[in-house]
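Presented below is the structure to which this report refers.
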Amino acid sequence: MPKLQYLKRGRSSIEWLGEIPEHWKVLRLKRIATVNFSSVNKHTLEGELPVRLCNYVDVYYNDSITSDIDFMNATATKEEIRRFTIKRGDVLITKDSEEWADIAVPAYVDEHFDNVLCGYHLAHIRPHSDCMDGRYLFRAFVARGINDQFRVEATGITRYGLGKYGLENAIFLVPPLVEQHAIAAFLDRETARIDGLIEKKERQIELLREKRTALISHAVTKGLNPSAKMKPSGVEWLGEIPEHWETKRLKFLLVEPLKYGANEVAELDDPDLPRYVRITDVNEEGLLREDTLKSLQEDVARPYLLKEGDLLFARSGATVGKTFLYRESWGRAAYAGYLIRARFSPKQMFAQFAAYFARSSVYWNWLNNSFIQATIQNVSADKYANLMIGVPPLVEQRTIAAFLDRETARIDGLIEKVRESIEKLKEYRSAIISAAVTGKIDVRSGLKLVEHHAQRQAPPEFKRAVLGAEIVHKLHKEPTFGRVKFEKIIYLYENHLGIDLDGNFQRQAAGPFDNQMLRSIESQMEKAKWYKAKKEGERTYYIPLAEAGKHAKYFDRYWADMRDQIYAIIELLRSLNTERVEIVATLFAAWNDLLLNGTRFSDNDIIKEVRENWHESKNRFDEDRLQRALNWMRDKGLTPRGKGRLTRVRGVK
């Protein structure tokens, strides 16, 4: 955060504001903006005009209201259209909520709209253009102190609401307009940089979770000995298992049949009574939450009391398939009716091994194919009873569980550290916004410093566009170069060279494809007047614009240390036609996915993954052709090392 402060400061008339810049004003919102509470509900009535609604969730989950949002269709009167049509520069806030902390969550309208209205449960705020910048006002709504006013004013018990009087009379700090513009621009840059860091760290958590799942999946289906001989399990979704393992149904590993829990309402919260465990009480780490304690009377709980090593399965709803392994250290506990208890035979199954199996990808694949589709997803006790499990000898089960205890604890520790750093970044983000809009830092004097910093720490989207521009610059004159080859080169940069481009590639007909990232790069290149995508028939190619080639200074700044590797990929693929590039990138992605999943595989498995598990169009490539391509890739050194993220099946997150 910049250390520069305003030289002339004075005490404000508002105690919680403290000292503020001497030339800033303190005004109520009604003096700087027009405030209206929307009356446009989510309905379609005959006689009204069709409109689209910007609703509560659109504001709550987005800082900016743009045309990318899928607005709801509704109808409105002519007067409602006149009063509540949103336009660029407006600020929308949540005016009521079930949570006190969710009052006055703002979003800035970043585009002009012809037919989008502010919806019900929102306040529509239009800044007076002669004294207030909407971007600055949006940031001010987030600032500590200013935002606290709305929480104090909100009334209610089960639902909180903010009245128009309380909103209109809230206090805001008002710098001169030119200074508001500077503060807004500064915060746009700084928050974009911080948000980019947060997004990267959230991706780190996702990758660590994927690694944890892959580790568990391999251990509970293949064991820990890489030299162990394998055999078909006899279960298609389970695949091969070590030769000395058995395959058994869950019901044959139990000392008694699976049992549903108590159908009781969670009303008591007496810690001296047995705890009433519901699946919503279990967090992501499989531990009981302390803030959701409910209990049952002794006589009601008695038939459902848990024992050490009991494993609970959720049978319906959003948490179906989730499990909880009970330990006596939790204290006495019974379980709810939407849970199913498995009590294992100690001579056949070590409970911790079974719990790890229920965290594996093979278990979840089985589960996703087992849902009873009614109004909600459901897996009955009969279904769970017939779940097939690869069963090692008991001693080996304990060894595998102990190994996974150590390794998952290490990964969980890393995840927790990343979470802590995310929280610190969020705190810093909040602090810098509050400091800027309350006059604790002077961004006017620091503008040159900030601009220099922003150039050095460029947003990842811009750096990605610079890299894309260099690819286009080198290849746009080649007759074989178009969008498909462009996208596949970007994929290889991320997953072969290890360049973090924040890709989220899907398994598409033409190979690994990230439509959102590609369109972002194309949009940035066109905005900078470097290159523009142009479609002709089925082919999209790139044409130079007025500033073509001027990306080079940024390329030298951001990518100089990777220049040789970047150019090597370009030259390797320069002469390949679109279909050959598609084959190479798809083989690479399938191969890389197998590495990331930690599975044993051969060339035949890679080829099978492409022809059978990618996209139906891949059947047009015969096995011999794919094998020749694999040989060519090895010869050229274009082989994966398990970097990047797994490719996604389209529509699956």
Side-chain angles (χ1 to χ4, degrees), residues 1-6 9 16-21 24 59-64 91 93-94 99-108 110 133 135-151 172-173 175 179-208 413-464 500 502 558:
M1 185 186 298
K3 302 296 184 182
L4 300 164
Q5 294 187 347
Y6 287 89
R9 303 176 63 82
W16 56 265
L17 279 176
E19 288 190 346
I20 63 172
W24 285 26
V59 170
Y60 188 84
Y61 290 109
N62 295 284
D63 282 349
S64 297
V91 176
I93 69 164
T94 58
E99 296 291 336
W100 178 70
D102 291 340
I103 295 293
V105 175
Y108 175 70
D110 205 21
D133 178 357
R135 291 187 305 150
Y136 170 83
L137 184 61
F138 157 68
R139 298 295 185 185
F141 265 100
V142 179
R144 299 167 187 166
I146 293 174
N147 187 265
D148 291 340
Q149 297 176 91
F150 309 115
R151 300 182 183 185
F172 283 81
L173 284 166
E179 206 164 329
Q180 292 179 39
H181 299 328
I183 291 170
F186 166 77
L187 289 177
D188 284 349
R189 288 190 297 269
E190 285 300 299
T191 56
R193 184 177 64 84
I194 296 167
D195 290 345
L197 293 173
I198 290 172
E199 194 173 345
K200 281 187 177 181
K201 290 185 179 296
E202 287 173 341
R203 183 183 167 195
Q204 286 177 16
I205 290 177
E206 184 181 344
L207 290 172
L208 285 167
L414 294 173
I415 290 173
E416 185 56 33
K417 286 182 179 179
V418 178
R419 278 197 187 123
E420 289 173 1
S421 66
I422 288 174
E423 287 307 309
K424 289 179 180 177
L425 283 168
K426 288 180 178 178
E427 289 173 8
Y428 174 71
R429 188 185 194 276
S430 177
I432 200 169
I433 291 172
S434 299
V437 301
T438 58
K440 301 298 185 291
I441 55 174
D442 184 355
V443 305
R444 299 170 307 165
S445 303
L447 281 179
K448 290 184 179 179
L449 172 67
V450 171
E451 287 168 1
H452 172 73
H453 180 69
Q455 288 179 352
R456 190 166 47 87
Q457 300 290 339
E461 295 83 4
F462 182 73
K463 293 176 67 175
R464 196 166 59 188
D500 185 4
D502 201 26
Y558 304 138

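Treat the numbers as computed from the prediction; the structure is a model and nothing was measured.
Atom CD of Glu199 and atom CD1 of Ile422 lie 10.5 Å apart (nearest 0.5 Å). Taken from CD1 in Ile93 to OH in Tyr60, the straight-line distance is 14.0 Å, to the nearest 0.5 Å. For the atom pair CD1 of Ile198 and NZ of Lys200, the computed distance is 13.0 Å after rounding to the nearest 0.5 Å. Between Arg464 atom CZ and Asp500 atom CG the span is 9.5 Å, to the nearest 0.5 Å. Glu202 contributes atom CD, which lies 12.0 Å from atom CG of Leu207 (distance to the nearest 0.5 angstrom).
A donor-acceptor contact shorter than 3.5 Å is absent between the side chain of Gln180 and the backbone of Tyr136. Under a 3.5 Å cut-off, the side chain of Ser430 and the backbone N or O of Arg144 do not form any donor-acceptor pair. At least one donor-acceptor pair closer than 3.5 Å links the side chain of Gln149 to the backbone N or O of Ile146. Panel note: side chain Ser434, backbone Ala431; no donor-acceptor pair is recorded below 3.5 Å.
Between Asp63 and Thr191 there is no side-chain heavy-atom pair separated by less than 4.5 Å. No side-chain heavy atom of Arg135 sits under 4.5 Å from any side-chain heavy atom of Leu187. Considering only heavy atoms from C-beta on, Ile183 stays 4.5 Å or farther from Arg139 through its side chain.
Note on Arg193 versus Glu190: salt bridge recorded, some NZ/NE/NH1/NH2 to OD/OE distance being below 4.0 Å. Ion pairing of Glu416 with Arg419 is present here, as a side-chain N (NZ or NE/NH1/NH2) and a carboxylate O approach within less than 4.0 Å.
Using bins of under 30°, 30° to 60° and over 60° for the plane-to-plane angle, the ring pair Phe141/Phe150 lands in the parallel bin.
In terms of heavy atoms, Asp110 sits closest to Ser64 at CB-CB, 4.3 Å. Heavy atoms only, all atoms of each residue included: Ala104 and Asn147 are closest at O-ND2, 3.5 Å. Taking all atoms of both residues into account, the shortest heavy-atom contact from Val437 to Trp24 is O-CZ3, 3.5 Å. In this structure, Ser421 and Val418 approach most closely via the heavy-atom pair OG-O, 2.7 Å. Of all non-hydrogen atoms in Asp133 and Ala184, the two that sit nearest each other are OD2-CB, 4.1 Å. In terms of heavy atoms, Thr438 sits closest to Leu173 at CA-CD1, 3.3 Å.
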